[in-house]
Asks: 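My structure is below; once you've seen it, I'll send some questions.
In this chain, residues are counted from 1 in sequence order.
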Amino acid sequence: MKKVKGRSFEVVRGGRFLPTPSVLAFGMDEDPLSERELCALRWARDAGYAIAVFAGRPAAPLRAQLAERDIRATVLVDDEGPASEPDSALTPAAARAEALARFCARWGATLEQTVVIAVTPRDCEAMMGAGRALALHGSGIDAAMAAEQTFLDRAMGGLARALNAAVAMRV
């Protein structure tokens, strides 16, 4: 890695320079986080990531699960965002992309410094604007085609593996 004006860069495929990621975002389906996924999230936290989780369901159980494990993460719930406003023209997928942009701005990062793991098809639009993109099987053909790496679905341990791959990008 090379330091330039206080920012670190790494070379990836094709000689393209990307900032070292500092924000990690991923979507959630209806299942709670497994112990393996929580362990991978703790590694992401320890690596210095600011973590955002997209949720399409009530966030209280997810927030409690993260707080119980001392994982600082912001849960961005679909029905709490701009798409829930009556005059909003945003779809839930576009609302996730907008929420991610606001989250990055709050942390002083850009979308280029973000790793997005697409778990569901609703995560695809947020993934398209990210600097690094990972996807799980079941997140849709668009996500799989745009991702640098694809992983098995959550039931097969794909999210934990994707989180570990994101930590490897950071260190």
Side-chain angles (χ1 to χ4, degrees), residues 12-13 18 21-81 83 90-101 103-104 111-171:
V12 295
R13 289 183 270 173
L18 288 175
S22 59
V23 174
L24 171 66
F26 64 95
M28 282 293 297
D29 51 20
E30 56 280 345
D31 297 328
L33 290 165
S34 70
E35 189 59 40
R36 223 172 135 204
E37 292 166 342
L38 288 165
C39 183
L41 277 172
R42 281 192 294 269
W43 287 352
R45 173 203 63 197
D46 294 344
Y49 272 114
I51 302 169
V53 182
F54 302 117
R57 58 184 170 85
L62 180 59
R63 286 183 176 128
Q65 189 180 29
L66 292 168
E68 180 181 302
R69 307 289 187 179
D70 194 31
I71 299 170
R72 289 189 57 215
T74 301
V75 179
L76 306 169
V77 182
D78 292 343
D79 61 3
E80 293 176 358
L90 296 177
T91 64
R96 285 184 178 195
E98 183 180 310
L100 178 60
F103 179 80
C104 288
L111 287 174
E112 282 184 334
Q113 296 170 293
T114 303
V115 176
V116 175
I117 302 170
V119 175
T120 69
R122 295 174 118 180
D123 305 328
C124 188
E125 200 160 328
M127 185 184 104
M128 296 298 181
R132 306 297 289 271
L134 306 174
L136 302 187
H137 290 280
S139 60
I141 190 70
D142 292 337
M145 295 301 290
E148 291 177 36
Q149 282 183 277
T150 57
F151 298 88
L152 298 172
D153 59 10
R154 277 193 69 202
M156 301 296 288
L159 181 57
R161 288 185 179 125
L163 289 167
N164 289 335
V167 171
M169 291 177 186
R170 174 91 172 133
V171 295

Asks: Nearest heavy-atom pair of Ala73 and Leu66: which atoms, and what distance?
Replies: CB-CD1, 3.8 Å
Asks: When the side chains of residues 22-30 are checked against the rest of the protein, which donor-acceptor pairs come out under 3.5 Å, sequence neighbours left out?
Replies:
residue	atom	partner	partner atom	Å
Asp29	OD1	Asp31	N	3.4
Asp29	OD1	Arg154	NH1	2.4

Asks: Mind checking the CE-CG spacing from Met128 to Leu111? Nearest 0.5 Å is all I need.
Replies: 13.5 Å
Asks: Of all heavy-atom pairs between Leu134 and Met127, which one has the smallest distance, and what is that distance?
Replies: O-SD, 3.6 Å
Asks: So, for Val75 and Ala55, which heavy atoms are closest and what is the spacing to 0.1 Å?
Replies: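 Taking Val75 first and Ala55 second, the nearest heavy atoms are CG1-CB, 4.0 Å.
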Asks: Keeping to residues at least two apart or across chains, list the side-chain hydrogen bond (donor to acceptor under 3.5 Å, both in side chains) pairs with something in residues 136-147.
Replies: none
Asks: Sub-3.5 Å donor-acceptor pair from the side chain of Gln65 to the main-chain atoms of Leu33, do we have one?
Replies: yes
Asks: Residues two or more places apart in sequence or in another chain: which of them pass side-chain hydrogen bond (donor to acceptor under 3.5 Å, both in side chains) with Arg69?
Replies: Glu35
Asks: Looking at CZ of Phe103 and CG of Leu76, how far apart are the two atoms once the value is rounded to the nearest 0.5 Å?
Replies: 7.0 Å
Asks: Output, in order, the C-alpha distance, side-chain angles, deciding distance and verdict of side chain to side chain contact (heavy atoms under 4.5 Å, CB included) for Arg72 and Ile51.
Replies: CA-CA 7 Å; Arg72 289 189 57 215; Ile51 302 169; over 6 Å; no
Asks: Could you tell me the separation between the CG atom of Asp46 and the CG atom of Leu41, rounded to the nearest 0.5 Å?
Replies: 11.0 Å
Asks: For residues 156-167, which side-chain donor-acceptor pairs fall under 3.5 Å, sequence neighbours excluded?
Replies:
residue	atom	partner	partner atom	Å
Arg161	NH1	Met156	O	3.3
Asn164	ND2	Ala160	O	3.3

Asks: Heavy atoms only: give me the nearest Val116-Ala130 pair and the separation to one decimal.
Replies: CG2-CB, 3.5 Å
Asks: Could you work out, with salt bridge (charged side-chain N to carboxylate O under 4.0 Å, His left out) as the rule, every residue matching Glu125, not counting sequence neighbours?
Replies: none
Asks: So how far is it from Ile71 CD1 to Tyr49 OH, rounded to the nearest 0.5 Å?
Replies: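 Here the interatomic distance stands at 15.0 Å.
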Asks: Of all the heavy-atom pairs spanning Pro121 and Gly140, show the shortest one and how long it is.
Replies: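 So the minimum-distance heavy-atom pair works out to CG-N, 4.5 Å.
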Asks: With sequence neighbours left out, write down each residue that passes side-chain hydrogen bond (donor to acceptor under 3.5 Å, both in side chains) with Arg45, or none if nothing qualifies.
Replies: none
Asks: Please identify which of these residues, Gln113, Glu148, Glu112, meets the side chain to side chain donor-acceptor pair (under 3.5 Å) condition with Arg132.
Replies: Glu148
Asks: Could you tell me the separation between the CG atom of Leu136 and the OG1 atom of Thr120, rounded to the nearest 0.5 Å?
Replies: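 Atom-to-atom, Leu136:CG and Thr120:OG1 are 9.5 Å apart.
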